[in-house]
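Working notes, structure below.
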Amino acid sequence: MPAKVILGTQWGDEGKGKITDLTADEAEMVVRFQGGNNAGHTIVIDGKTFKLHLVPSGILRKDTTSVVGNGVVLDPAAFLKELDQLKEGNVEMGQLKISDRLHIIMPYHRTIDGLEEAAKGNLAAGTTKRGIGPCYSDKTARFGLRMCDLMDPEAFMHKLKAAYPLKAGYIKALGGDIEQTMDEIFEEYMALADRLRPYVCDVSVLINDALDQGKNVLFEGAQGTHLDIDHGVYPYGTSSSTVTGGCLIGTGIGPKRLDKVIGIVKAYTSRVGTGPFPTELFDSVGEHIADKGGEFGTTTGRRRRVGWLDLVMVEYAVRVNGLDSLVITKSDVLAGMDEIKIATHYTLDGKDIHHFPASMAQVAKCVPQYHTMAGWPDLKKEEWDAIASKGRDGLPAGLAAYITFIEANLKVPVEIVSYGPGREENIYL
Ligand code: IMP
Ligand code: MG
């Protein structure tokens with residue numbers, strides 16, 4: 001299977017980082033195709049925790065090339081800081097390549113992110129304030145500065161001169177102040193440009209060549225399906241295309257290149273940010289899951305909202321991404337509970353709803369309908385490891401029933417059940 005895509009099926013934080021790192025074992029290339037340093041991937045190797053935001057998860061493997069696609073927005077200072085931290089952590093890093101077509105996050109994008117959020121009132125998404133949305137806005141409005149501009153001082157200044165006065169005026173209108181002069185920005189960015197230069201290339205050529213040579217390429221999604229700009233909980237999602245289609249646009253490959261699309265499903269649901277959340281738990285059960293699952297945002301440190309697994313959400317992800325298989329993560333977090341619920345559909349004004357609605361007003365009114373199941377016992381690590389060696393047949397009855405129920409409902413096979421953050425903590429079904 002030369003070309004695989006790994007995507008989140010919920011609101012991000014499904015555990016993509018770990019599964020990507022695992023799958024990267026057989027990949028010669030790992031590619032990020034959207035989002036920016038709003039993402040947070042936690043990877044644990046030999047008890048050492050790495051938190052990645054922008055650098056692809058393949059970086060932790062020395063024989064893997066990590067590629068940042070054109071669909072990504074890149075904050076040069078944040079990116080280089082992340083690289084420095086990896087170097088300090090004595091990671092044997094693989095090669096790194098960055099698209100010459102990706103858009104650069106500018107200091108004023110971060111300022112605008114905060115001001116726009118404040119101005120939006122209850123329509124604010126609760127962004128990570130990294131300037132992601134404003135950078136994508138400028139990309140679409142054609143005010144953006146791309147990596148190829150950053151590599152060319154004259155082009156960079158030319159475009160900055162056009163954008164700067166407009167941004168300064170806009171920031172002022174929102175009640176803020178642009179923090180740096182145009183010359184200060186220019187100087188800061190030119191210094192960063194020189195450090196990025198060795199990595200910059202046309203990644204479409206690079207990836208297509210790798211695929212032509214039959215190399216294994218892994219495309220790593222960030223955020224999740226329900227944060228997608230088109231398919232997510234608009235306007236409470238993010239500004240990029242987090243779905244399979246975004247992988248094509250964000251890298252410059254054709255659709256027939258992809259061999260397999262894998263959806264990551266957390267055994268329950270979590271959300272960092274605002275907007276309706278049908279299966280959200282507000283009781284001690286929710287608190288227990290959030291605590292046991294360590295549900296705090298990797299990027300912002302915010303406590304995540306949690307709820308039961310919602311198959312209406314996952315069905316949507318199966319459909320819009322064309323998922324071939326599923327990976328269930330954090331099954332250990334639900335362990336030890338007497339009963340576990342799964343939402344199979346909603347009711348809205350007395351009617352059954354089987355497909356996630358477009359209208360957030362409707363989603364807010366949807367009442368989840370649950371299938372209640374027996375849980376599975378809380379096991380020690382050794383007990384989980386013993387189960388892992390047996391595969392599907394070794395699963396505790398409750399967990400086996402949970403997996404079977406998900407597969408029967410979605411008509412997609414589950415291929416891995418993850419039971420901990422470590423690279424090895426997986427049951428292959
Ligand atoms: P932005 O991507 O910073 O513009 O934030 C938009 C929305 O997406 C907010 O609700 C964020 O909390 C959410 N979000 C962005 N990135 C992630 C992520 O990696 N995991 C989970 N939520 C995210
Ligand atoms: Mg995350």
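Counting begins at 1 with the first residue of the sequence. Start at 1 and go down the list; that is how both ligands and their atoms are numbered.
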Tell me the contacting part of Val272 for ligand 1: side chain, backbone, both, or neither, using a 4.0 Å heavy-atom threshold, strictly below. both

Which protein non-hydrogen atom lies closest to atom 19 (O) of ligand 1, naming both residue and atom, and how far is it? Ala39 CA, 3.3 Å

Quick one: nearest non-hydrogen protein atom to atom 2 (O) of ligand 1, plus distance? Thr238 OG1, 2.6 Å

With Asp21, which of Ile59, Ile43, Leu218 fulfils side chain to side chain contact (heavy atoms under 4.5 Å, CB included)? Ile43

Among the N, O or S atoms of Asp13, which one sits nearest to the Mg ion (ligand 2)? OD1

For ligand 1 and Gly126, I'd like to know whether there is a polar contact (N/O to N/O, distance under 3.5 Å). yes

Can you list the ligand 1 atoms lying under 4.0 Å from a non-hydrogen atom of Trp11? 21 (C), 22 (N)

Which protein heavy atom lies closest to atom 14 (N) of ligand 1, and at what distance to 0.1 Å? Leu227 CD1, 3.8 Å

For ligand 1, does Arg304 get within less than 4.0 Å through its side chain, its backbone, both, or neither, judged by non-hydrogen atoms? neither

Flag Lys129 as yes when one of its N or O atoms lies below 3.5 Å from any N or O atom of ligand 1, and as no otherwise. no

Do we get Lys97 above Tyr199's six-membered ring, with its NZ or CZ under 6.0 Å from the centre and within 45° of the axis? no

Going by the order shown, which atoms of ligand 1 are within less than 4.0 Å of some heavy atom of Arg302? 12 (O)

Strictly below 4.0 Å, N to O, side chains only: are Lys330 and Glu295 in salt-bridge contact? yes

Partners passing side chain to side chain donor-acceptor pair (under 3.5 Å) against Asn208 (at least two apart in sequence or in another chain): Ser204, Arg257

Using a strict 4.0 Å cut-off to heavy atoms of Gly40, name the atoms of ligand 1 that fall inside it. 19 (O)

contact_flag Gln223 ligand 1 heavy-atom lt 4.0 Å: yes

Leu258 versus Cys247, closest heavy-atom pair with distance: CD2-SG, 4.3 Å

Taking 4.0 angstrom as the limit and counting only heavy atoms of Tyr236, give me the atoms of ligand 1 inside it, by number and element. 7 (C), 10 (O)

Could you label the plane-to-plane angle of the His226 and Trp11 rings as parallel, tilted or perpendicular, counting under 30° as parallel and over 60° as perpendicular? perpendicular

Pairs of nitrogen or oxygen atoms closer than 3.5 Å, one from Asp113 and one from ligand 1: do any exist? no

I'd like to know if Lys381 pairs up with Glu425 as an ion pair, taking the criterion as any Lys NZ or Arg NE/NH1/NH2 lying under 4.0 Å from an Asp or Glu carboxylate oxygen. yes

Which bit of Arg130 is near ligand 1, meaning a heavy atom under 4.0 Å away: side chain, backbone, both or neither? neither

Sidechain N-carboxylate O distance under 4.0 Å for Lys4, Asp259: no

Basic-acidic side-chain contact under 4.0 Å: Lys292, Glu287: no

Can you find an N/O atom of Asp13 closer than 3.5 Å to an N/O atom of ligand 1? yes

Close approach of Gly237 to ligand 1, heavy atoms, under 4.0 angstrom: yes

Which option, Ile132, Thr299, Thr128, owns the non-hydrogen atom nearest atom 3 (O) of ligand 1? Thr128

N/O/S atom of Gly17 under 2.8 Å from the Mg ion (ligand 2), yes or no? no

Evaluate the ring planes of Tyr189 and Phe156, with Trp represented by its six-membered ring, and classify them as parallel (under 30°), tilted (30 to 60°) or perpendicular (over 60°). parallel

When you compare ligand 1 with Ala125, is there at least one nitrogen or oxygen pair between them that comes in under 3.5 angstrom? yes

Are Trp384 and Tyr419 close enough, and set up right, to give a ring pair (Phe, Tyr, Trp, His ring centres under 6.0 Å), and what steps lead you there? CA-CA 7 Å; Trp384 279 113; Tyr419 59 88; 5.2 Å; yes

Looking only at distances, please establish whether an N/O atom of ligand 1 is found under 3.5 Å from an N/O atom of Thr127. no

Going by an N to O cut-off under 4.0 Å, is there a salt bridge joining Asp25 and Arg423? no

Would you name the heavy atoms of Pro368 and Tyr346 that are closest together and state the gap between them? CA-CD2, 3.8 Å

Below 3.5 angstrom, do we get any N/O pair linking Asn38 and ligand 1? yes

